[in-house]
Amino acid sequence: MRHRTNNNGVRVEICDLGAWTTRPLFAEYDRRASLVRVNARMLDLVRDSLGADAADAFLRHAIAHELFHARRPDASEAQARETARAVSGVDAAVFEELLCR
């Protein structure tokens with residue numbers, strides 16, 4: 001397990017999250033712990049397939065996406081994806097394509 005803290009005071013934990021239905025979870029937010037958990041398997045897959053810069057973008061994307069949902073629970077998935085894309089500079093589709101390989 002690897003840890004970081006971002007500039008919002010939210011801790012980030014990189015760990016194995018398993019899968020949600022048939023696909024791996026990218027990340028999840030734990031409001032009580034002020035913690036974003038990012039799936040280590042996905043992070044490693046991105047790094048191995050697309051390189052370190054893409055892995056950093058994935059991490060930024062996952063954190064931004066989860067924090068958006070936490071702060072705006074009434075907002076749509078499309079809004080969360082767009083916010084995460086703006087923060088990371090990468091669309092989630094890039095990461096999702098890795099799941100289809």
Side-chain angles (χ1 to χ4, degrees):
M1 200 174 336
R2 298 167 272 180
H3 297 273
R4 291 183 175 185
T5 301
N6 76 5
N7 61 358
N8 294 313
V10 174
R11 289 181 313 127
V12 176
E13 181 179 286
I14 300 169
C15 57
D16 187 354
L17 291 179
W20 178 69
T21 63
T22 59
R23 45 186 300 192
L25 280 171
F26 284 7
E28 66 181 9
Y29 181 67
D30 181 341
R31 181 180 302 276
R32 289 188 301 225
S34 191
L35 173 69
V36 174
R37 292 181 183 94
V38 177
N39 194 338
R41 284 194 277 173
M42 282 302 303
L43 185 60
D44 291 342
L45 175 63
V46 171
R47 182 178 292 109
D48 293 347
S49 301
L50 303 174
D53 289 344
D56 288 342
F58 172 78
L59 194 56
R60 288 191 310 273
H61 189 281
I63 293 166
H65 186 100
E66 293 305 316
L67 290 179
F68 183 86
H69 277 308
R71 293 182 177 134
R72 303 258 328 267
D74 59 325
S76 70
E77 180 66 16
Q79 290 172 303
R81 290 172 68 103
E82 178 56 30
T83 298
R85 186 204 58 74
V87 169
S88 68
V90 181
D91 193 284
V94 170
F95 310 122
E96 291 167 347
E97 286 175 13
L98 289 175
L99 300 176
C100 299
R101 288 185 179 176

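Count residues from 1 along the sequence. Below, all heavy atoms of this structure are taken into account, side chains as well, without hydrogens, waters or symmetry copies.
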So which atom in [X] and which in [Y] form the shortest heavy-atom distance, rounded to 0.1 Å?
X	Y	result
A27	V36	CB-CG1, 4.4 Å
M42	L25	CG-O, 3.7 Å
E28	L17	OE2-CD2, 3.6 Å
A70	P73	O-CD, 3.8 Å
R60	S88	NH2-O, 3.2 Å

**Asked** Would L50 and V94 satisfy side chain to side chain contact (heavy atoms under 4.5 Å, CB included), going step by step from the backbone distance to the final call?
**Response** CA-CA 10 Å; L50 303 174; V94 170; 4.0 Å; yes
**Request:** For the pair N39 (side chain) and D16 (backbone), establish whether a donor and an acceptor sit closer than 3.5 Å, ignoring hydrogens and angles.
**Result:** no
**Message:** Between R47 and A54 (side chain of the first, backbone of the second, donor and acceptor by atom type, cut-off under 3.5 Å), is there such a pair?
**Reply:** no
With sequence neighbours excluded, residues passing side chain to side chain contact (heavy atoms under 4.5 Å, CB included) with [X]:
X	result
V87	A64
R72	F68, D74, A75, Q79
D91	R81, R85, A93

**Prompt:** Can you list the steps and then say if F95 with V46 is a side chain to side chain contact (heavy atoms under 4.5 Å, CB included)?
**Reply:** CA-CA 7 Å; F95 310 122; V46 171; 3.9 Å; yes
**Message:** Are L43 and F58 packed together at the side-chain level, in the sense that at least one heavy-atom pair is separated by less than 4.5 angstrom?
**Reply:** yes
**Prompt:** Do L35 and V12 come within less than 4.5 Å of each other through their side chains, counting heavy atoms only?
**Reply:** no
**Request:** Using the side chain to side chain contact (heavy atoms under 4.5 Å, CB included) rule, take Y29 and V10 through it: C-alpha gap first, then chi angles, then the decisive distance, then the call.
**Result:** CA-CA 10 Å; Y29 181 67; V10 174; 4.2 Å; yes
**Complete:** Hits for side chain to side chain donor-acceptor pair (under 3.5 Å) against H65, two or more places apart or cross-chain, chain-then-number order -> H69, E77
**Message:** Checking D30 now: which residues fulfil salt bridge (charged side-chain N to carboxylate O under 4.0 Å, His left out) with it, not counting sequence neighbours?
**Reply:** R37
**Asked** Do D44 and R41 meet the salt-bridge criterion of a basic N to acidic O distance under 4.0 Å?
**Response** no
